[in-house]
Amino acid sequence: MPRDYNHKEIEKKWQDEWERAKLYETPDSVAGKENLYALVEFPYPSGDLHVGHWDAFAVPDIYVRMKRMQGYNVLFPFGYDAFGLPAENAAIKRNINPADWIAESITKMRAQMKTTGNAFDWSREINTSSPEYYKWTQWIFLKLYEKGIAYRGKGLVNWCPNDQTVLANEQVIDGKCERCDAVVEQKELEQWFFKITDYADRLIDDLDGLDWPEPIKLAQKNWIGRSQGAEIDFEIVDSSEKVTVFTTRPDTLFGATYLVLAPEHPFVKSLPKNNLLSAQIGLMLQKNEIERTAEGKEKTGVLLEGIHALNPATKQEIPVYVADYVLGHYGTGAVMGVPAHDERDHQFAMKYGLPVMQVITPPAPAVGNGEPACYTGVGYLTNSQNFSGEFSEDAKKKITESVGGKLTSKYKVRDWLISRQRYWGAPIPIVYDPEGKAHPIPEEHLPWVLPSDADIKPKGTSPLGSSKELIERTEKIFGKGWRPETDTMDGFVDNSWYFFRYLDPHNTHEFSSLEKQKLWMPIKRYSGGAEHTTVHVLYSRFLTKVLFDMGLSTVAEPYEVRLNRGIILAEDGRKMSKRWGNTVNPDEHVKNVGADAVRTYLAFIGPYNVVGSFPWSTNGLIGVRRFLERVAGLSEKLDDGADSAELEILLQQTIKKVGEDIESMKFNTCVSALMILSNAMGDSATVSKSSYKTLLTLLAPFAPHLAEELWHNLGHTTSIHVEAWPTFDPSKLELEVITLAVQLNGKLRGTIQVNRTATQDEALSLAQADPTLGPKLPAAWSKIIYISGRILNIIS
RNA sequence: GGGCGAGUGGUGAAAUUGGCAGACACGCCAGCCUUAGGAGCUGGUCCUCGAAAGAGGGUGGAGGUUCAAGUCCUCUCUCGCCCACCA
């Protein structure tokens, strides 16, 4: 076949043929084959496939294809995370129904995705916005409701005034809406929550058993934010009231010289109304979290006149403040102020002239100009009555117990708020009786269909409230005066369980049967964007645990390995953006150089399992196309004879290298190894047919169409993609004679050709006999380091 | 401010995990060839000195460990991502 192959013709031809032969449809099990589930985060159907989608799916496809050739029954599914704000906003803009817009986008995206040549099993395609899918999202909600994990609660929520909806904490970035950048307001509403805090410990502890990259585990742990500390009661003087504080430093209790409460604290609310006071506190409460944190961390507080708390350790009366640097939602909303050993408390104490009592002495006195503002490290207790002299870590438990406190943990993570006052989501399957009491919708009424007659334009209340059909449906089923829940679920609920559905996508009576789960779970590799390391991965782990506890999942952890990939930047090194006009259109490049070249180029661009950013280079793409052309051109110099020993060894090395590096997702070095092999074949006068076949099978995962075409040109009538992955002969990985580096005192002085099994003496005499190297070597030496096959180092 | 990660040619990056730094590719330079194409072929391309052989230097910076350091240790600078008053 000529070098300049016609990619348009052959790619279309083989895609059609694979589809006709159902080559990639994955049965639930195949005799003699092990199942393997490879997953990539499914995309939101934006209607336009960009390079990021290619990078996300076509590159892991290399791994999938190798695993198939290695004899695994590999499930590699595809679907659409279709609910959510973007579709709704797009539909409002175009004045059409989101469902229509999504349907159109999916059709377009599916066609584009098929041009990648990926080994997807299209028969398992899912769409989270289809009633067949969200029926089960609702069903899962009901299961959580039964267990008390889904609950209705009042709470301050983040409100986006532009999108007119509540946002999860995770969707608030720097106090602004992650989608539209509007400044988020705080609002108190009745909402539905999932009790993820009940699972916080397990979500941390179970990470220890997982073989994930450490940074990803750590990100999960930090996100959950477990702090071990103590809850300690402070009595309010001349009152029966007490305030419980949470502290990670109970060892500094003797240094607590004041008490601070969050403005939201119940004790503050219970105080008799004092106009001045409530005005000041009201001012704090009015501020949203951004304002509270934005003011240069300047701490402002209000003294509660006439109110004192009792430090349970010193028995001294201490003043009580209300300050907005204390967060209402974290810990107990109350903090003991230890100015000597906490920087925030120190700042506050300086401003309000509160006493600083040092109770910890650093193990080694601070060097340099003294008067440290405050010392936050560990040390030895002082000024702490009979605890003085103890090491701070040891004193934590003792002091806590001595004042009747208890050791406990607190978490940064808050319960998952799942209510959205938007249209395009799964309706929450709840109805309210005339008294306003919530009732779950019985399973037989699922899917509780999203009505099509709602006014979807944002106006501050849930769009579903405007649907006559929904209200009529509710009254018809439940009775007069009953009304539907009008909020929909956060899209993260839909995509927290989708991987179960791929296993059993057409099941009409179960969300995912245990039999199918047993065959496939857990997921061998889950690849996705770094931005989902915390939220999505955490939520899906949480939901899996909940289902596991109910006997509905076969595993407590869904992902054997989670991997993050990098991002592809524009050619100018900036992020791709329509605003910059620097987006890379993959369709155009596929048209010019073919899907095989685009796939292989993306594999070559950099290490895949590293979170980096890689600028696109059209020249680099063309370079990869040239490589593929050279492989095609090699078919014209085939011969039935044997290859040179060098070429044979190189082939064995390449088999080893490519296999190992695909396994560890280092696709870039695989491509490089294939280039080296094909360059060597190009330099050779002839190439044996058998070596060439091996090259093609190694290339098949990267360039599936070209490899298939060249394979058939050799006379094969079955697909190269069902061939066995080549194996190497470990005894043929090295030449008999190798190049050995010779150093003198650790400096390279030259190289010699030695037998690879040469002894130190043999290597040394060869070095001495070498015409250029020999004269440089000393006559005597004190030591020789010889590592067979690596180095000969002579120390004079 | 905290956490995590990364600093290697003009560019994307390799480096058997402590053993010849810069593989492979892009770009660039010189030459050849032509059916002028995003062509193909040959050679060159870390820096300094040198005609060359060769010598010296070199992986953000400064120290250290080692026969040997891009890789390990200490300090430091810069950049990226995430979180940010979490007691």
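Only heavy atoms go into these numbers, but all of them, side chains included; no hydrogens, no water, no symmetry mates. Each chain gets a letter, A, B and so on, in the order the sequences are listed, and its residues count up from 1.
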Where RNA chain B forms runs of at least three Watson-Crick or G-U pairs (i with j, i+1 with j-1, under 3.5 Å), the stems are B:1-7 with B:77-83, B:10-12 with B:24-26, B:27-32 with B:40-45, B:46-49 with B:54-57, B:60-64 with B:72-76
Indicate yes or no: at least one non-hydrogen side-chain atom of A:H532 is less than 4.5 angstrom from one of A:E41. yes
Pairwise [atom1] distance for [N] and [M], with rounding to whole Å:
N	M	atom1	answer
B:G31	B:A25	C1'	22 Å
B:G57	B:A69	P	12 Å
B:G7	B:G60	C1'	6 Å
B:G38	B:G43	C1'	23 Å
B:U65	B:U74	P	15 Å
B:A68	B:G54	P	25 Å
B:A39	B:G50	P	38 Å
B:G5	B:A55	C1'	40 Å

Using the test salt bridge (Lys or Arg N to Asp or Glu O under 4.0 Å), find all partners of [X] that sit at least two apart in sequence or belong to another chain.
X	answer
A:K591	none
A:K732	A:D729
A:E231	A:K406, A:K410
A:K666	none

How do A:L740 and A:A334 order along RNA chain B: which one's closest nucleotide is nearer the 5' end? A:L740
Assign each of A:G606 and A:P215 the nucleotide of RNA chain B bearing its closest heavy atom; nearer the 5' end lies the nucleotide of A:P215
Is the distance from OP1 or OP2 of B:A87 to the nearest side-chain N or O of A:Y330 less than 4.0 Å? yes
Per the O4'-C1'-N9-C4 / O4'-C1'-N1-C2 angle with a 90° window around 0, B:G27 comes out anti
Syn or anti for B:U17, with syn set at within 90° of 0? syn
All N/O contacts under 3.5 Å from nucleotides 45-50 of chain B to the protein, with atom names and distances to one decimal?
none

Main-chain N/O of [Y] paired to [X] side chain as donor or acceptor, under 3.5 Å:
X	Y	result
A:E571	A:T618	yes
A:T751	A:A741	no
A:H341	A:I360	yes
A:N609	A:S664	yes
A:D415	A:T197	yes
A:K351	A:K299	yes
A:R756	A:L735	yes

Rounded distance in Å - [atom1] ([X]) to [atom2] ([N]):
X	N	atom1	atom2	result
A:Y608	B:A13	OH	P	16 Å
A:E629	B:C41	CD	C1'	15 Å
A:N592	B:A39	CG	C1'	15 Å
A:I224	B:G3	CD1	P	19 Å
A:D345	B:G1	CG	P	20 Å
A:I568	B:A13	CD1	P	10 Å
A:L218	B:C82	CG	C1'	11 Å
A:I216	B:C82	CD1	P	15 Å

Counterpart residues, side chain to side chain contact (heavy atoms under 4.5 Å, CB included), relative to A:H7 (two or more places apart): A:Y5, A:E11, A:R625
Residues forming a side chain to side chain contact (heavy atoms under 4.5 Å, CB included) with A:E531, sequence neighbours excluded: none
Regarding A:T759 and A:D761, do their side chains bring together a donor and an acceptor under 3.5 Å, going by distance alone? no
Pair A:N619, A:S617 - check side chain to side chain donor-acceptor pair (under 3.5 Å), show working. CA-CA 5 Å; A:N619 278 326; A:S617 158; 5.2 Å; no
Contact list (N/O, under 3.5 angstrom) for nucleotides 25-34 of chain B vs protein:
residue	atom	partner	partner atom	Å
B:A25	OP1	A:N679	ND2	2.8
B:C26	OP1	A:R626	NH2	2.9
B:G27	OP1	A:N619	OD1	3.3

Return yes if the base of B:C85 and the side-chain atoms of A:K299 contain a donor-acceptor N/O pair under 3.5 Å, otherwise no. yes
Below 4.0 angstrom, N of the basic side chain to O of the carboxylate: do [X] and [Y] qualify?
X	Y	result
A:D345	A:R249	no
A:E393	A:K396	yes
A:E214	A:K217	yes

Find every protein N or O atom lying less than 3.5 Å from an N or O atom of nucleotides 63-71 of chain B, and list the pairs.
residue	atom	partner	partner atom	Å
B:C67	O2'	A:N793	ND2	3.3
B:C67	O2	A:N793	ND2	2.5

Assert yes or no for the condition that the ring centre distance of A:W616 to A:Y601 is strictly below 6.0 Å. yes
Quick one: are the ring centres of A:F348 and A:Y325 less than 6.0 Å apart? yes
Using heavy atoms and a sub-4.0 Å distance, could you list which residues of residues 658-673 of chain A are near RNA chain B? By number, please. A:N668, A:T669, A:S672
Pick base, sugar-phosphate or nothing for [X], based on heavy-atom distances below 4.0 Å to the nucleic acid.
X	value
A:S227	sugar-phosphate
A:T618	nothing
A:F246	base

Under 3.5 Å, N/O pairs linking protein and nucleotides 53-59 of chain B:
residue	atom	partner	partner atom	Å
B:A55	OP1	A:K776	NZ	3.2
B:G56	OP1	A:R749	NH2	3.4
B:G56	OP2	A:R749	NH2	3.3
B:G57	OP2	A:K747	NZ	3.4

